[in-house]
K.L.:
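After the structure tokens below, expect a handful of questions from me.
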Amino acid sequence: MPAQLDYPTICEVFRRFQMSEPEPRGELEHVNAYTLLVAVALSAQATDKGVNRATEALFKLADTPEKMLALGEEGLIGHIRTIGLYRNKARYVMRLSQILVEDFGGEVPSSRAALQSLPGVGRKTANVVLNTWWRIPAQAVDTHIFRVANRTGIARGRDVAAVERALEDQVPAPYQLHAHHWLILHGRYVCKARKPACAACLIRDLCDFEEKTI
């Protein structure tokens, strides 16, 4: 595993990411905090493209927890049947929608603890919502970010919790807000798991990964 990159190198890594994509954004389509929360919950073990296809029509009918409850679980299933684990996810969405209405006035809360109190919402989902909607510099570590952070030496850690802490500790403040989007996109399209596209990598000369591809 590469050694932890030093501060000047990490600054240069994120300077290049920023120059390449000044305002990166997640690829899950949403129209408000609630549809973002639902989309992220549905995306577990599914692709963003697959979730977007399923929610395009859904969110035109149910873009609030009240409308989702009116649609009903079977109505929701009819829209998300192409997504893996759709029955379990439908139950979670209906339960979290009910709790949002009963306990939060129909609004998506803006604290991690409150978000994680909702069914089917773990720390990663909560961090995505906090970062993407509320613009809090939370680091939502998925498999792409875990791989890129360790492979490059940007933020080393043996598990996702350790990498999340490392990103908070290592990434300079001006880059914290967009760090997780830059890293997930880099991992999805360039620093891929099986065959990283090192020749097209804008931080190739800064990365200590020993098995670079040509």
Side-chain angles (χ1 to χ4, degrees), residues 17 20-100 106-110 115-116 118-136 138-148 160 177-194 197 200:
F17 282 150
S20 175
E21 186 62 56
E23 290 290 331
R25 61 184 298 271
E27 296 182 321
L28 286 172
E29 298 296 334
H30 59 279
V31 296
N32 54 28
Y34 174 71
T35 54
L36 174 62
L37 176 63
V38 171
V40 178
L42 293 176
S43 70
Q45 301 182 49
T47 66
D48 288 359
K49 290 182 180 179
V51 172
N52 289 339
R53 284 194 296 269
T55 58
E56 182 178 7
L58 171 65
F59 290 157
K60 292 177 181 178
L61 296 174
D63 59 357
T64 68
E66 294 86 354
K67 292 178 182 178
M68 189 67 75
L69 292 172
L71 180 64
E73 187 171 324
E74 289 304 314
L76 172 57
I77 287 174
H79 286 278
I80 66 171
R81 198 179 297 274
T82 56
I83 299 175
L85 304 175
Y86 66 89
R87 289 196 179 277
N88 285 339
K89 291 177 180 178
R91 283 195 291 271
Y92 284 136
V93 169
M94 299 311 293
R95 285 171 56 200
L96 73 82
S97 298
Q98 188 70 49
I99 292 172
L100 287 175
E107 300 294 327
V108 174
S110 59
L115 285 165
Q116 287 189 249
L118 299 171
V121 178
R123 189 176 180 89
K124 185 184 77 172
T125 297
N127 282 349
V128 172
V129 174
L130 290 172
N131 182 283
T132 301
W133 190 258
W134 300 109
R135 297 185 69 80
I136 294 172
Q139 304 302 330
V141 179
D142 69 351
T143 56
H144 295 299
I145 293 177
F146 182 81
R147 178 179 67 256
V148 172
V160 294
L177 179 61
H178 293 315
H180 106 268
H181 279 130
W182 282 319
L183 292 173
I184 193 172
L185 293 171
H186 191 64
R188 186 173 289 166
Y189 298 111
V190 180
C191 196
K192 294 175 282 191
R194 294 186 179 180

K.L.:
Could you walk me through whether Glu73 and Ile77 pass side chain to side chain contact (heavy atoms under 4.5 Å, CB included), step by step?
P.N.:
CA-CA 6 Å; Glu73 187 171 324; Ile77 287 174; 4.2 Å; yes
K.L.:
Counting distance only, does the side-chain N/O of Trp134 pair as donor-acceptor with the main-chain N or O of Ala33 below 3.5 Å?
P.N.:
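Absent.
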K.L.:
Between His181 and Arg25 (side chain of the first, backbone of the second, donor and acceptor by atom type, cut-off under 3.5 Å), is there such a pair?
P.N.:
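No, His181 side chain to Arg25 backbone: no donor-acceptor pair under 3.5 Å.
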K.L.:
Hey, what do you get for CG (Asn131) to CD (Gln139), rounding to the nearest 0.5 Å?
P.N.:
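Asn131 CG to Gln139 CD: 7.0 Å, rounded to 0.5 Å.
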K.L.:
Measuring from atom CG of Leu185 to atom NE2 of His144, what distance do you get when rounded to the nearest 0.5 angstrom?
P.N.:
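Spacing of CG (Leu185) from NE2 (His144) equals 9.5 Å.
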K.L.:
Mind listing the closest non-hydrogen atom pair of Ser110 and Leu130 along with its distance?
P.N.:
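Looks like O-CD2, 3.3 Å.
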K.L.:
For a quick test of reading the model, state the closest non-hydrogen atom pair linking Ala46 to Leu42 and the distance between them.
P.N.:
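Looks like CB-O, 3.9 Å.
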K.L.:
Could you state the interatomic distance from NZ (Lys67) to OG1 (Thr35), rounded to the nearest 0.5 Å?
P.N.:
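Output value for this atom pair is 11.0 Å.
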K.L.:
Could you report the tightest heavy-atom contact between Ala126 and Gln116, atom names first, then the distance?
P.N.:
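What the structure gives for the nearest pair is CB-CG, 3.9 Å.
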K.L.:
Taking atom OH as the centre, does Tyr92 end up with more than 12 heavy-atom neighbours from other residues, nucleotides or ligands that are less than 6.0 angstrom away?
P.N.:
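Result for OH/Tyr92: open.
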K.L.:
Work out which heavy atom in Glu21 is nearest to a heavy atom in Pro24; give both atom names and the distance.
P.N.:
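Looks like O-CD, 3.4 Å.
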K.L.:
Is the ring pair Trp133/His30 parallel, tilted or perpendicular, if the boundaries are 30 and 60 degrees?
P.N.:
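It falls in the perpendicular class, over 60°.
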K.L.:
What residues form a salt bridge (charged side-chain N to carboxylate O under 4.0 Å, His left out) with Lys192, not counting sequence neighbours?
P.N.:
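Here no residue qualifies.
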K.L.:
Any chance you could lay out the side chain to side chain contact (heavy atoms under 4.5 Å, CB included) test for Glu29 and Lys49, step after step, and finish with the verdict?
P.N.:
CA-CA 9 Å; Glu29 298 296 334; Lys49 290 182 180 179; over 6 Å; no
K.L.:
Let me know which of Val38, Asn32, Leu58 forms a side-chain contact (heavy atoms from CB on, under 4.5 Å) with Asp63.
P.N.:
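Only match with Asp63 under side-chain contact (heavy atoms from CB on, under 4.5 Å): Asn32.
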K.L.:
Show, in sequence, the C-alpha distance, side-chain angles and deciding distance for Arg135 and Leu177, and conclude whether the side chain to side chain contact (heavy atoms under 4.5 Å, CB included) test is met.
P.N.:
CA-CA 7 Å; Arg135 297 185 69 80; Leu177 179 61; 3.2 Å; yes
K.L.:
Please examine the side chains of His79 and Leu61, heavy atoms only from C-beta on, and report whether any two atoms are closer than 4.5 Å.
P.N.:
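With C-beta onward as the side chain, the pair touches.
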K.L.:
Answer yes or no: is there a donor N or O on one side and an acceptor on the other, between the side chain of Arg147 and the main chain of Cys191, under 3.5 Å?
P.N.:
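Yes: the side chain of Arg147 pairs with the backbone of Cys191.
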K.L.:
Mind checking whether Val93 and Ile80 have side chains closer than 4.5 Å, heavy atoms only?
P.N.:
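Not in contact.
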K.L.:
From Leu96 CG over to Arg91 CZ, what is the distance, rounded to the nearest 0.5 angstrom?
P.N.:
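That separation rounds to 13.5 Å.
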K.L.:
So, for Glu107 and Leu100, which heavy atoms are closest and what is the spacing to 0.1 Å?
P.N.:
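Where Glu107 meets Leu100 most closely, the heavy atoms are O-CD2, 3.4 Å.
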K.L.:
Decide if atom CD of Glu66 counts as having more than 12 heavy atoms of other residues, nucleotides or ligands within a radius under 6.0 Å.
P.N.:
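Yes, the 6.0 Å shell around CD holds more than 12 heavy atoms from other groups.
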K.L.:
With rounding to the nearest 0.5 Å, note down the distance linking OG1 in Thr132 to NE2 in His178.
P.N.:
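So the OG1 of Thr132 and the NE2 of His178 are separated by 10.5 Å.
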K.L.:
Checking Leu76 against Met94 for the side chain to side chain contact (heavy atoms under 4.5 Å, CB included) test, could you report, in this order, the C-alpha distance in whole Å, the side-chain angles of both residues, the deciding distance, and whether it holds?
P.N.:
CA-CA 9 Å; Leu76 172 57; Met94 299 311 293; 3.9 Å; yes
K.L.:
Between Lys89 (side chain only) and Gly84 (backbone N and O only), is there a donor and an acceptor less than 3.5 Å apart?
P.N.:
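Between the backbone of Gly84 and the side chain of Lys89 there is a qualifying donor-acceptor contact (under 3.5 Å).
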K.L.:
I need the minimum non-hydrogen distance between Ser97 and Tyr34, along with the two atoms involved.
P.N.:
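Taking Ser97 first and Tyr34 second, the nearest heavy atoms are OG-OH, 2.6 Å.
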K.L.:
Could you tell me whether the side chain of Asp48 reaches within less than 4.5 Å of the side chain of Arg188, counting heavy atoms only?
P.N.:
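In contact.
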K.L.:
Just by modelled atom types, is the Ile184 backbone N or O under 3.5 Å from a matching donor or acceptor in the Asp142 side chain?
P.N.:
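Such a contact is absent between Asp142 side chain and Ile184 backbone.
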